[in-house]
Asker: 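Quick one: structure below, then a few questions.
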Amino acid sequence: MGKKYVLDVLGEVCPVPLFKTKEKVTRELSSGDTLLVETDFPRAVRNIIDWSEKHGHHVKVIEIDEACWQVQVTKK
Amino acid sequence: MNLSTLELFCLVAKVEKFSTAANIMHLTQPAVSAQMQNLESYLNVKLFERTGRGIVLTEAGQIVYKHARKILQQFENMERELDELLSNKETKLVIGATSTVGDFAIPCTIWTFKEKYPKANIKLEILNLQEIVDKLLENKIDIAIIEGSVQHPELITKHVAIDKIILITSPDNAWANQDKISFEKLKEIPLMIPAEGSGVRKIFEEKLKELSMDIRDLNIVSELGSTAALKSLVESGKGISICCNLAVQKELRRNTLRAIELEEFNDLDISFQLIYPKDKYLSPLAHRFIRFLCPDDPAFC
């Protein structure tokens, strides 16, 4: 089991959530670690899924609230 | 069957719930179910298994997912390559937007679009509704995104998304403690409203009229053309204002603004529309942007 990190980007519109996700996953996470990104921006959810899949990271989405999501990115 | 169905299918597969996918895509859950059923009957296989928590892909679903992703990626590659053929003139796209839309939702849409089509050279102009209509007809902007509606014989209108109009206040004001406020009470509070020509204002005024109330009875202290300016005035405690929910998501989450409902109103919906001239040449890029924002089923940033 890898380590868990949290990234709160509530209220940030894209591309900020994706940029911050990219940076954290690329620089701070080791393989197997998971980043929990919390966002309320629908397009950001889609962008983070797309980016993660393109780079082979495992990604899962949980709806925390009606307009608030936790995107879980596990580094390849 | 079309690409946006495949795109939706991939999202559903990823989030494992129809309702979550619906919220992310600004669709209703029945609309998502219907599209997925269409896909199932088109391919004549069962794609999902229902579980207590949502759905999981069947074995057939996993095969479709694997290929759907490749098809979407391949299609994107094709469009990128086609982009290479475009001349500099053809990669230019001037988008007009009203302040409400242009300050918040659209920059993100443009950014995501540019990620897909790096050659696109997009200029965004924030204008009021009348200026937008004029410039569209004069060919000075290619397409525009507005809130509210506009009826013009020479313009095509496409629905993009729906939002709500709310009253906003600073959490420090005395009236911020209630969830609802009556029209009578609102008369006593300094009100700052969007300037004439704003879709938010138009809908607000129309709704008041419907209920035999008049905007002129309210204590209007200023009228501003910029949503950002209205927001900062409200944040500093100068009074109440009206705006789209979408424009203040960050402030509401961070608690620097609070939303209040007007007692007499039920939900006050406002729609966002894409507009462009009817009989005019649209560049391939403009077409693509329209398709990006309004696939068969609309989705908004």
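Note that the structure is predicted; figures quoted are calculated from it, not measured. Throughout, protein chains are lettered first and strands after them, A, B, ... in sequence-line order, and every chain is numbered starting at 1.
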Asker: Please classify the contact of B:E16 with chain A as side chain, backbone, both or neither, using a heavy-atom distance under 4.5 Å.
Answerer: side chain
Asker: I'd like to know whether CD of B:E84 has more than 12 heavy-atom contacts from other residues, nucleotides or ligands below 6.0 angstrom.
Answerer: yes
Asker: Is the count of non-hydrogen atoms from other residues, nucleotides or ligands lying under 6.0 Å from B:K119 atom NZ greater than 12?
Answerer: yes
Asker: Using heavy-atom distances under 4.5 Å, tell me whether A:V71 contacts chain B through its side chain, its backbone, both, or neither.
Answerer: neither
Asker: Just how far is it from atom CH2 of A:W69 to atom OG1 of B:T20, taken to the nearest 0.5 Å?
Answerer: 8.5 Å
Asker: Could you tell me whether the side chain of A:N47 reaches within less than 4.5 Å of the side chain of B:W111, counting heavy atoms only?
Answerer: yes
Asker: Within the structure provided, determine whether A:E63 and B:V15 are in side-chain contact (heavy-atom separation under 4.5 Å).
Answerer: no
Asker: Can you pull out the residues in residues 18-37 of chain A with any heavy atom less than 4.5 Å from chain B?
Answerer: A:L18, A:F19
Asker: For B:Q74, I'd like to know if atom CD has over 12 heavy atoms of other residues, nucleotides or ligands within 6.0 Å.
Answerer: no
Asker: Can you name the closest pair of heavy atoms from A:L10 and B:R254 and give their distance?
Answerer: O-NH2, 2.7 Å
Asker: Using 0.5 Å steps for rounding, measure from the OG1 atom of B:T109 to the CZ atom of A:R43.
Answerer: 5.5 Å
Asker: Distance check, rounded to the nearest 0.5 Å: B:Q73 atom CD versus A:D50 atom CG?
Answerer: 9.0 Å
Asker: For A:I49, is it the side chain, the backbone, both or neither that has a heavy atom under 4.5 Å from a heavy atom of chain B?
Answerer: side chain
Asker: Side-chain contact, heavy-atom cut-off 4.5 Å: A:C68 with B:R253?
Answerer: yes
Asker: Surrounding NZ of B:K114 (heavy atoms of other residues, nucleotides or ligands, distance under 6.0 Å), is the total greater than 12?
Answerer: yes
Asker: Can you give me the closest heavy-atom contact between B:Q249 and A:D40, atom names plus distance?
Answerer: OE1-O, 3.3 Å
Asker: If we only count heavy atoms from C-beta on, is the B:K14 to A:K60 side-chain gap below 4.5 Å?
Answerer: no
